[in-house]
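A quick write-up on the structure given underneath.
Not measured: the values here are computed from a predicted model. In what follows, every chain begins at residue 1, and chains take the letters A, B, ... in the order their sequences are listed.
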Amino acid sequence: MDYNFKEIEKKWQQYWKDHNTYKVDIDNGRPKFYVLDMFPYPSGAGLHVGHPLGYIASDIYARYKRQKGFNVLHPMGYDAFGLPAEQYAIQTGQHPEITTEKNIKRYREQLDKIGFCYDWDREVRTCEPSYYKWTQWAFLQMFKSYYNTALDKARPIDELVEYFAKNGSEGCNAHTNAKEEFTAEQWNGMTKAEQSQTLMNYRIAYLGNTMVNWCPKLGTVLANDEVSEGISIRGGYPVEQKVMRQWCLRVSAYAGRLLRDLETIEWSESIKETQKNWIGYSEGAEMLFPIVGSDEQLLIFTTRADTIFGVTFMVLAPESEYVEKVVTDDQRVAVDAYLDEVKHKTERERLIEKKVSGVFSGSYAINPVTGKEIPIYISDYVLAGYGTGAIMAVPAHDSRDYAFARHFDLPIIPLIEGADISEESFDAKDGIMMNSSNERLQLNGLQVKEAIAKTKKYIEEAGIGKVKVNYRLRDAIFSRQRYWGEPFPIYYDEDGQPQCLDDSELPLQLPEVDKFLPTETGEPPLGRAKNWVAGNGRPLELNTMPGFAGSSAYYLRYMDPHNDKALVSKEANEYWRQVDLYVGGTEHATGHLIYSRFWNKFLYDYGYVCEAEPFRKLVNQGMIQGRSNFVYRIKDTNKFVSFNLKKDYDTTPIHVDVNIVSNDVLDIDAFKAWRPEFANAEFILEDGKYICGWAIEKMSKSMFNVVNPDDIVARYGADTLRLYEMFLGPVEASKPWDTNGIDGVNRFLKRLWGLVFKGDTMQLIDEKPSAEALKSIHKLIKKVSQDIEQFSYNTSVAAFMICVNELSSMKCRSKSVYRDFVVLLSPFAPHIAEELWHVLGEEGTVCDAQWPVWNEEYLKESVVKYTVLFNGKPRFNIEVAAGTPGDEVQRLALSHEGAARWLDGKQPKKVIVVPNKIVNVVV
RNA sequence: GCUCGGAUGGUGGAAUCGGUAGACACGAGGGACUUAAAAUCCCUUGGCCAUUGCGGCUGUGUGGGUUCAAGUCCCACUCCGAGUACCA
């Protein structure tokens with residue numbers, strides 16, 4: 001009987017299903033462990049061989065933890081709202097729900113074939129009303145909250161309303177984007193609509209006029225993480241900056257906590273670093289610069305307060321509100337022309353051009369320390385959205401100011417001794433200050449760092465500014481002009497003000513529309529829905545929520561997926577708490593992984609969840625790239641030349657389907673059948689074979705390099721696929737998929753099978769294992785246990801192979817040895833392990849078998865060989881009986897002093913004892 | 001530009017604390033079995049030299065340094081990858 005993976009895998013997949021092997025429930029008698037994969041978006045293309053990499057890694061960990069006695073939660077679901085289904089719907093008229101449903105079915109079939117231990121009873125789909133009810137619910141909680149900066153947490157907006165009625169906005173400790181202050185009388189005198197509008201500046205989910213990334217091609221706004229270099233990540237279309245009224249989430253209020261709490265979680269340094277950069281902590285000072293001939297003052301932000309003596313001009317962002325206040329009549333025409341020019345440039349054009357541009361406003365400001373008058377300019381190198389949208393320019397020590405000063409021929413005053421500023425600015429925060437003293441402030445002779453501190457102190461005392469922390473992190477834009485997303489549980493009252501639906505009206509279900517396009521009047525697709533009104537007849541919001549809405553709290557829903565009273569019950573949340581191990585790609589570093597942490601912290605503030613961070617440990621699996629194959633057609637012929645002979649001909653490389661190439665050898669018959677135009681192809685072969693060329697590219701249909709896991713499973717079995725994906729290299733590393741090595745792991749499984757069965761006869765017996773066999777298996781137990789904890793799965797697979805070779809060569813037939821082997825192998829190759837488990841006559845399933853523990857006694861060497869070095873040079877080898885390594889070596893080294901004299905005629909000066917069987921004697 | 005990774009045979013990759021570099025696998029070469037092929041098994045496989053013996057030299061991107069000992073630590077550089085980018 002050969003290793004019949006088809007039969008085995010079918011049999012046990014059915015068994016696990018019939019016996020609910022992977023179903024989990026709260027069990028207070030056992031410690032919990034929560035292993036989670038980033039759930040997939042079910043695309044029409046199905047899974048390729050790269051997708052399961054992370055799923056296999058987490059599956060191994062989940063199975064291992066279960067065998068170590070943990071109650072393991074390991075769920076799976078679908079991030080089912082999204083753009084591709086909607087675009088497909090626009091093209092075909094097919095409802096996104098139908099295509100999504102179809103794709104999910106296909107994903108499930110593919111996943112099932114690989115033998116994952118998911119508890120499918122807990123499956124979630126973000127597009128199901130019973131799921132998005134809780135997305136909508138969370139949004140409403142955010143709408144009804146503000147961020148209290150004194151308590152550093154979210155609080156009910158009603159508390160703020162009460163405060164305004166008593167004290168106005170002064171000292172209200174609320175995170176806000178409001179510029180205006182108001183008194184209690186003013187507040188109380190406002191109409192309901194005015195109050196509602198004012199509160200929008202404080203709510204955590206708010207409707208605000210913000211600069212958004214507008215993508216005309218997609219007809220929707222995008223969040224910052226959905227845009228890269230002025231191009232939309234989905235689709236690759238240009239994106240413009242535009243002010244629009246959009247729903248936003250006050251993520252920026254949480255910037256400090258999002259940054260601080262990174263210290264409490266076990267994520268890779270690189271992804272923490274990415275988040276740190278994205279949040280962008282920057283400590284500096286805000287300073288006021290009076291404007292000549294005006295009561296207005298310019299408020300600027302700087303991290304280099306020390307350079308105040310080198311300020312030779314000021315710059316405002318074109319969108320800054322100060323612009324109107326400083327532009328003079330004689331500069332009006334020039335300024336308007338410039339603003340117009342800037343407005344019509346897209347983000348992309350600005351980034352590409354990168355040339356210095358700007359215009360003089362006509363006004364001057366007064367340097368509050370030197371008293372000098374300096375011109376105020378307007379330029380698009382200053383961003384409206386960061387700091388105050390205005391800067392003090394110090395051309396000697398900032399490269400952008402330097403470029404601007406050179407372009408407009410403005411003075412440059414060096415402030416650091418020895419800095420050469422003839423060609424470029426000196427930006428480093430390092431050196432001794434000069435040109436920086438007067439009767440008010442003396443910085444000359446100080447180090448830059450001391451000067452920064454001294455200046456900050458001075459400006460606070462002199463009342464011209466204050467120390468301030470700025471974050472780069474912006475509020476998340478939360479509305480999309482799309483159909484296939486969560487509707488907002490918001491209607492508009494007679495004043496046009498947004499109002500909450502009642503919790504009892506949730507979920508607000510996505511309505512039917514005749515077309516999935518914007519309306520003729522340019523409203524979002526929901527504008528087409530009939531009767532899209534709340535229970536009171538008022539119109540409902542037409543936008544839908546973005547993709548990250550549904551994925552922000554899904555890990556909580558898995559804890560209690562069928563609860564219709566709460567997102568998650570207190571009981572379930574307090575048992576499962578947080579995700580202990582989260583596996584997914586790095587591409588979500590500044591999107592999902594920020595939003596999820598924000599969402600979780602918001603829920604934490606109200607006690608809906610008991611952990612401040614959602615994902616304790618994060619492992620980023622690498623991307624699997626494609627390995628394309630090429631054939632080389634001789635120009636103007638239908639003749640193809642083998643790879644190593646192509647240099648003699650003028651050829652065109654053509655992508656060839658990697659599925660008809662094996663170890664770079666082309667299957668010529670399959671090639672002829674592949675495309676009609678190749679049916680009569682001729683070949684120039686080497687050694688009777690056609691060798692293809694290859695290249696590493698993205699895995700995609702157009703490159704014909706997509707490898708489908710189903711095909712691998714059909715050919716080699718799921719266990720081979722699982723082992724091979726792990727064997728390819730470290731889970732975290734990106735690597736090309738190369739089917740070439742898969743025979744090696746497949747051979748390993750066949751060899752293992754061959755040790756158990758000869759023909760149909762089971763070879764194993766109840767036999768006391770030899771010391772040799774015990775050593776081999778305990779070495780494996782130690783290695784695999786340690787490897788799994790560290791995600792070094794590739795070296796584990798190597799260890800399995802070594803062990804099988806050892807057991808084979810020592811002809812070990814002891815059941816107890818194989819029993820341990822099978823348990824160790826089961827997380828990696830669950831099907832064959834389950835089969836052998838039963839062959840060995842064990843009860844239950846291998847999933848519940850206890851993970852074996854290694855015994856150091858068995859691992860000891862009976863004889864240890866030592867190399868003795870003199871002055872680092874090996875002189876002789878000796879063997880001694882095993883003992884405690886350190887002690888033995890000490891005595892050994894000293895007892896060989898005679899030998900040292902004998903060799904060198906000298907006494908050893910010192911004897912260095914180091915691990916790994918080397919003794920070094922220094923004479 | 002800034003930040004963070006990385007560079008080891010023909011290939012993917014091992015080397016846990018600085019301690020015999022190249023585990024394991026692929027590929028390649030040779031052999032056994034076979035009428036033949038596939039499958040399977042055995043041997044060789046970093047490079048150079050020697051191979052009627054042992055063996056010798058060299059070798060982890062480049063150049064220095066620390067150390068009895070460096071792929072690993074330090075300094076400088078080259079190249080590659082990722083993130084981010086007029087963030088004041």
Need the pair for [N]. Rule: Watson-Crick or G-U wobble, both distances under 3.5 Å, any strand; none if unpaired.
| N | value |
| --- | --- |
| B:G5 | B:C80 |
| B:C54 | none |
| B:U45 | B:G27 |

A:D427 CG to B:A88 C1': how many Å, rounded?
10 Å
In whole angstrom, give the distance that lies between atom CG of A:D743 and atom P of B:U11.
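To the nearest whole Å, that distance equals 20 Å.
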Just say parallel, tilted or perpendicular for the rings of A:F404 and A:Y381, cut-offs at 30° and 60°.
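Tilted.
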Could you check, using the six-membered ring where one of them is a Trp, whether A:W737 and A:Y724 have ring centers closer than 6.0 angstrom?
yes
Are A:F757 and A:Y3 close enough that their ring centres sit under 6.0 Å apart?
no
Does any non-hydrogen side-chain atom of A:K782 lie less than 4.5 Å from one of A:E856?
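Yes. Closest side-chain heavy atoms under 4.5 Å.
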On RNA chain B, check which nucleotide each of A:S282 and A:G744 is closest to and give me the residue with the more 5' one.
A:G744
Residue met sooner reading RNA chain B from 5', once A:G280 and A:V797 are mapped to nucleotides
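The 5'-side residue here is A:V797.
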Can you tell me, in whole Å, how much space there is between the P of B:A15 and that of B:G19?
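After rounding to an integer number of Å, I get 12 Å for this pair.
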Considering only the P atoms, how many Å lie between B:U3 and B:G18, rounded to the nearest integer?
26 Å
Below 4.0 angstrom from OP1 or OP2 of [N], is there any side-chain N or O of [X]?
| X | N | result |
| --- | --- | --- |
| A:Y381 | B:A88 | no |
| A:R747 | B:A25 | no |
| A:R472 | B:U84 | no |

From B:U3, B:C26, B:C86, nucleotide with atom closest to A:E273 side chain:
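Per side-chain heavy atoms of A:E273, the pick is B:U3.
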Thinking salt bridges, do A:E283 and A:K468 make one under a 4.0 Å N-O criterion?
no
Does a salt bridge link A:E806 with A:K779, judged by any charged N lying under 4.0 Å from a carboxylate O?
yes
If you draw the axis of the six-membered ring of A:W267, does the NZ or CZ of A:R597 fall within 45° of it and under 6.0 Å from the ring centre?
yes
Under 4.0 Å, counting only non-hydrogen atoms across every strand here, what does [X] touch: a base, just sugar-phosphate, or nothing?
| X | result |
| --- | --- |
| A:P730 | sugar-phosphate |
| A:R751 | sugar-phosphate |
| A:I391 | base |

Which residues, if any, of residues 781-795 of chain A bring a heavy atom under 4.0 Å of RNA chain B?
A:Q786, A:N794, A:T795
